[in-house]
Asker: 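Got a structure for you, questions after.
These numbers were taken from a predicted model, which means no experiment stands behind them. Heavy-atom basis, side chains included; hydrogens, waters and symmetry copies ignored. Both counts, for ligands and for their atoms, begin at 1 and track the order of listing.
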Amino acid sequence: MNIQYVQGKPLFTYINKNKKQYPYLTENIEIDICIIGGGVTGAVASYYLSKNNIKSVVLEKKRIAHLSTSVTTSLLQYELDDNLSDLKEYTTLENALKSYDLGLKALDEIEEFINTYGNKCDYKKRDTLLYTAKNDEINGIKIEYDLRKENGLDVEYIDESTNKYSFDIKAGIISKNGGSELDPYKYTNQLLDVSCDMGAKIYENTEVIDLVHHDNYVEVITEFGYKVKAKKVIVATGYNTNLFTNRNFATKTTTFNIVTKPVANFDGWEDQILIRDNSDPYNYLRTTVDNRLIIGGEDVDFIPDIFNENLANEKYEILENRLKSMFKDIKGIEVDFKYCGTFASTPDNLGFVGPDKKHSNLWYLLGYGANGILFAVLGAIMLTDLYNGKENKDMKLFKVDRFDN
Ligand SMILES: Cc1cc2nc3c(=O)[nH]c(=O)nc-3n(C[C@H](O)[C@H](O)[C@H](O)COP(=O)(O)OP(=O)(O)OC[C@H]3O[C@@H](n4cnc5c(N)ncnc54)[C@H](O)[C@@H]3O)c2cc1C
């Protein structure tokens with residue numbers, strides 16, 4: 001089946017013209033950890049392993065950062081897709097709050113990386129806004145605000161009387177320093193550059209076609225017959241895990257994005273705060289360093305081998321109209337990029353990190369949910385600890401089999 005995870009003209013791979021190229025694998029190698037997948041998740045794993053003197057190789061079947069990583073909006077926020085009180089059916093409030101804490105920790109980790117190696121990926125720390133324009137959702141936002149406030153998060157409540165944005169807000173929560181944004185293509189490549197300097201190996205155009213499991217190692221077989229003998233394998237293949245397991249990890253949807261041409265001002269979008277509304281599915285918005293506006297949302301069920309162009313165009317038009325109606329004071333909004341991609345949600349909004357149930361040397365690092373990139377950071381730290389025999393208590397939140405009966 002020809003599964004299309006990304007469609008359209010993604011902003012980040014398009015604007016980054018000078019693409020670094022990596023070789024393909026032309027020899028058999030022996031290594032501590034083989035990471036399969038060269039998106040942002042594989043790159044983050046490579047960085048944390050290298051930083052901890054664990055020898056790793058990344059095998060990417062096509063080009064580095066050209067699948068989901070090329071379309072991610074890269075809004076990095078500690079909050080989850082659902083509000084705390086809506087998560088209680090699937091997790092405890094304590095766990096959900098722990099996830100917020102972990103999100104903040106992941107944001108700090110990214111900032112520390114930038115402070116150490118320089119800002120080569122248009123990183124910017126941002127406040128975040130969660131809001132509703134509907135009267136019947138005011139109470140839900142108030143509950144979320146109270147829970148965050150009571151639990152020590154730096155939040156401010158806004159309503160119609162204190163709204164400083166150009167769009168309708170009935171209730172909203174501003175989280176101070178609650179997020180950041182970056183260019184995911186540049187970030188992935190910067191992580192890999194740093195990892196390479198510390199000894200990691202990276203191969204593109206090197207598809208993994210099979211794994212042979214042994215007691216103390218795994219043989220990773222690539223398309224042209226070369227093998228990697230690794231003590232552990234990390235699956236960082238994003239939304240496609242069929243080669244490794246029959247497990248259906250998450251509910252997949254397709255989410256749509258449009259990006260404008262650079263605009264002359266941001267009137268009505270104070271501090272270019274990261275924005276998410278409280279709708280289901282929700283809309284998410286950010287700006288870029290070259291003064292573009294991005295809006296995403298309008299999610300539909302993911303159908304693996306079918307791309308419905310008419311539906312996509314309808315969705316892009318809805319997003320364009322929504323953007324224009326929210327920001328009437330920003331003149332000359334003109335769409336430049338349109339694309340969509342697969343997105344995976346889980347009941348408790350968290351990704352999956354940890355060993356396979358059957359093969360203990362096969363480890364997953366799957367950043368599912370809206371915080372995929374932050375989960376990749378957290379998971380990479382957890383798997384580094386696991387390799388070093390260090391207990392990481394937070395990993396149980398992300399356990400691969402947590403929804404098994
Ligand atoms: C439109 C959209 C907006 C999003 N917005 C956000 C957001 O704002 N914030 C956020 O945190 N997340 C967001 N996400 C989610 C985010 O995109 C993902 O969490 C992230 O990109 C996943 O990266 P990845 O490296 O795991 O996957 P990918 O980038 O898909 O990388 C997986 C790689 O594995 C390779 N691969 C697969 N099979 C093999 C094989 N057999 N051998 C070798 N290589 C293989 C693929 O070629 C691919 O390059 C968004 C997603 C979409 C679609």
Asker: Please list the nearest protein heavy atom to atom 5 (N) of ligand 1 with its residue and the distance rounded to 0.1 Å.
Answerer: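 Protein heavy atom with the smallest distance to atom 5 (N) of ligand 1: Thr73 N, 3.2 Å.
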Asker: At what distance is the nearest protein heavy atom to atom 51 (C) of ligand 1, and which residue and atom is it?
Answerer: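 Nearest neighbour among protein heavy atoms for atom 51 (C) of ligand 1, to 0.1 Å: Phe343 CD1, 3.9 Å.
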Asker: If the cut-off is 4.0 Å to any non-hydrogen atom of Val71, which atoms of ligand 1 fall inside it?
Answerer: 1 (C), 2 (C), 3 (C), 53 (C)
Asker: Closest non-hydrogen protein atom to atom 53 (C) of ligand 1, residue and atom name please, with distance?
Answerer: Thr342 O, 3.1 Å
Asker: Which option wins on minimum heavy-atom distance to atom 15 (C) of ligand 1: Tyr284, Tyr239, Tyr368, Phe244?
Answerer: Tyr239
Asker: Could you tell me how the ring of Trp269 sits relative to the ring of Phe266: parallel (under 30°), tilted (30 to 60°) or perpendicular (over 60°)?
Answerer: perpendicular
Asker: How close does the nearest protein non-hydrogen atom get to atom 31 (O) of ligand 1, and which residue and atom is it?
Answerer: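 It is Gly39 CA, 3.6 Å.
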Asker: Test of understanding: given a 4.0 Å heavy-atom threshold, classify the contact between Tyr339 and ligand 1 as side chain, backbone, both, or neither.
Answerer: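 For Tyr339, no heavy atom sits under 4.0 Å from ligand 1.
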Asker: For Thr73, is there any backbone N or O sitting under 3.5 Å from a side-chain donor or acceptor partner on Arg286?
Answerer: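 Present.
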Asker: To which protein heavy atom is atom 27 (O) of ligand 1 closest, and what is the distance rounded to 0.1 Å?
Answerer: Gly238 CA, 3.6 Å
Asker: Is it true that a side-chain atom of Asn371 and a backbone atom of Phe375 form a donor plus acceptor pair closer than 3.5 Å?
Answerer: no
Asker: Could you tell me how the ring of Phe113 sits relative to the ring of Tyr187: parallel (under 30°), tilted (30 to 60°) or perpendicular (over 60°)?
Answerer: perpendicular
Asker: May I ask you to list the atoms of ligand 1 that are less than 4.0 angstrom from any heavy atom of Ile36?
Answerer: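 Listed by number with element: 40 (C), 42 (N), 43 (C).
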Asker: Side chain or backbone, does Glu207 bring an N or O within less than 3.5 Å of an N or O on ligand 1?
Answerer: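 Glu207 vs ligand 1: no N/O contact under 3.5 Å.
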Asker: Identify the protein heavy atom lying closest to atom 42 (N) of ligand 1, giving its residue, its atom name and the separation to 0.1 Å.
Answerer: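 Among all protein heavy atoms, the one nearest atom 42 (N) of ligand 1 is Val208 N, 3.0 Å.
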Asker: Do Asp348 and Asn95 get their side chains close enough for a donor-acceptor pair, meaning under 3.5 Å?
Answerer: no
Asker: If you measure every N/O of Gly372 against every N/O of ligand 1, is any gap under 3.5 Å?
Answerer: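 It does: an N or O of Gly372 is found under 3.5 Å from an N or O of ligand 1.
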Asker: Between Thr206 (side chain) and Leu25 (backbone), is there a donor-acceptor pair under 3.5 Å?
Answerer: yes
Asker: Does the side chain of Tyr22 pick up a donor-acceptor pair with the side chain of Glu60 at under 3.5 Å?
Answerer: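 No pair is found: no donor N or O on one side chain lies under 3.5 Å from an acceptor on the other.
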Asker: Check this for me - ligand 1, Lys62, N or O atoms closer than 3.5 angstrom, yes or no?
Answerer: no
Asker: Go through ligand 1 atom by atom and flag the ones less than 4.0 Å from a non-hydrogen atom of Leu59.
Answerer: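 Those atoms are 43 (C), 44 (N).
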Asker: Given side chains that start at C-beta, do those of Ser175 and Arg148 come closer than 4.5 Å, heavy atoms only?
Answerer: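 A side-chain contact exists here, since the closest heavy-atom pair is under 4.5 Å.
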Asker: Within the 3.5 Å criterion, strictly below it, is a donor on Tyr123 or Glu111 matched to an acceptor on the partner's side chain?
Answerer: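 There is such a pair between these side chains.
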Asker: Could you tell me whether Gly367 and ligand 1 have an N or O pair separated by under 3.5 Å?
Answerer: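 Yes, there is a polar N/O contact under 3.5 Å.
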Asker: Would Val40 count as a polar contact of ligand 1, with the cut-off being nitrogen or oxygen pairs under 3.5 Å?
Answerer: yes
Asker: Closer than 4.0 Å to some heavy atom of Asn371 - which atoms of ligand 1 meet that?
Answerer: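 Numbered from 1, ligand 1 contributes 11 (O).
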Asker: Measure up the Tyr368 and Phe249 rings against each other and bin them: parallel (under 30°), tilted (30 to 60°), perpendicular (over 60°).
Answerer: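 Tyr368 vs Phe249 ring planes: perpendicular.
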Asker: Of the protein's non-hydrogen atoms, which lies at the shortest distance from atom 22 (C) of ligand 1, and what is that distance?
Answerer: Thr41 OG1, 4.0 Å
Asker: Could you tell me if Thr288 and Asp290 have a donor-acceptor pair between their side chains, going purely by distance under 3.5 Å?
Answerer: yes
Asker: Backbone or side chain, does any N or O of Asn257 fall under 3.5 Å from an N or O of ligand 1?
Answerer: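 In fact, backbone or side chain, Asn257 has no N or O that close.
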Asker: Could you tell me whether Gly341 and ligand 1 have an N or O pair separated by under 3.5 Å?
Answerer: no
Asker: Give a yes/no on ligand 1: does Gly296 have at least one heavy atom closer than 4.0 angstrom to it?
Answerer: no
Asker: Looking at ligand 1, is there an atom of it that comes within less than 4.0 Å of some heavy atom belonging to Asn240?
Answerer: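 No; Asn240 lies far enough from ligand 1 that no heavy-atom distance drops under 4.0 Å.
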Asker: Lys61 versus ligand 1: do any nitrogen or oxygen atoms come within less than 3.5 Å of each other?
Answerer: yes
Asker: Parallel under 30°, tilted from 30 to 60°, perpendicular over 60°: which one fits the rings of Tyr100 and Tyr78?
Answerer: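 Ring orientation of Tyr100 relative to Tyr78: perpendicular.
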Asker: Tell me which protein heavy atom sits closest to atom 17 (O) of ligand 1, plus the residue, atom name and distance to 0.1 Å.
Answerer: Thr72 CB, 3.1 Å
Asker: Side chain, backbone, both or neither: which part of Ser74 comes within less than 4.0 Å of ligand 1 when only heavy atoms are counted?
Answerer: backbone
Asker: Checking contacts here: is it the side chain or the backbone of Ala236 that comes within 4.0 Å of ligand 1, counting heavy atoms only? Could be both or neither.
Answerer: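 Just the backbone.
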Asker: Any side-chain donor-acceptor pair under 3.5 Å between Tyr131 and Asp168?
Answerer: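 Tyr131 vs Asp168: no donor-acceptor pair found between side chains.
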Asker: Run the contact test for Glu60 against ligand 1 with a 4.0 Å cut-off on heavy atoms, strictly below, and give the result.
Answerer: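 Distance cut 4.0 Å: Glu60 passes for ligand 1.
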Asker: What I want to know is whether Ala370 and ligand 1 share at least one N or O pair that is separated by under 3.5 angstrom.
Answerer: yes
Asker: Can we say Lys358 and Asp356 salt-bridge, meaning some charged N sits less than 4.0 Å from an Asp/Glu carboxylate O?
Answerer: no
Asker: If only side-chain N and O atoms count, and only distance matters, is there a donor-acceptor pair under 3.5 Å linking Thr255 with Tyr284?
Answerer: yes
Asker: Is the closest side-chain heavy-atom distance between Val353 and Leu383 below 4.5 Å?
Answerer: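 Val353 reaches Leu383 side chain to side chain.
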Asker: Under a 4.0 Å threshold between the charged nitrogen and the carboxylate oxygen, would Lys324 count as salt-bridged to Glu320?
Answerer: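 Looking at Lys324 together with Glu320, the answer is yes, because their closest N to O distance falls below 4.0 Å.
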Asker: Go through ligand 1 atom by atom and flag the ones less than 4.0 Å from a non-hydrogen atom of Thr255.
Answerer: 1 (C), 2 (C), 52 (C), 53 (C)
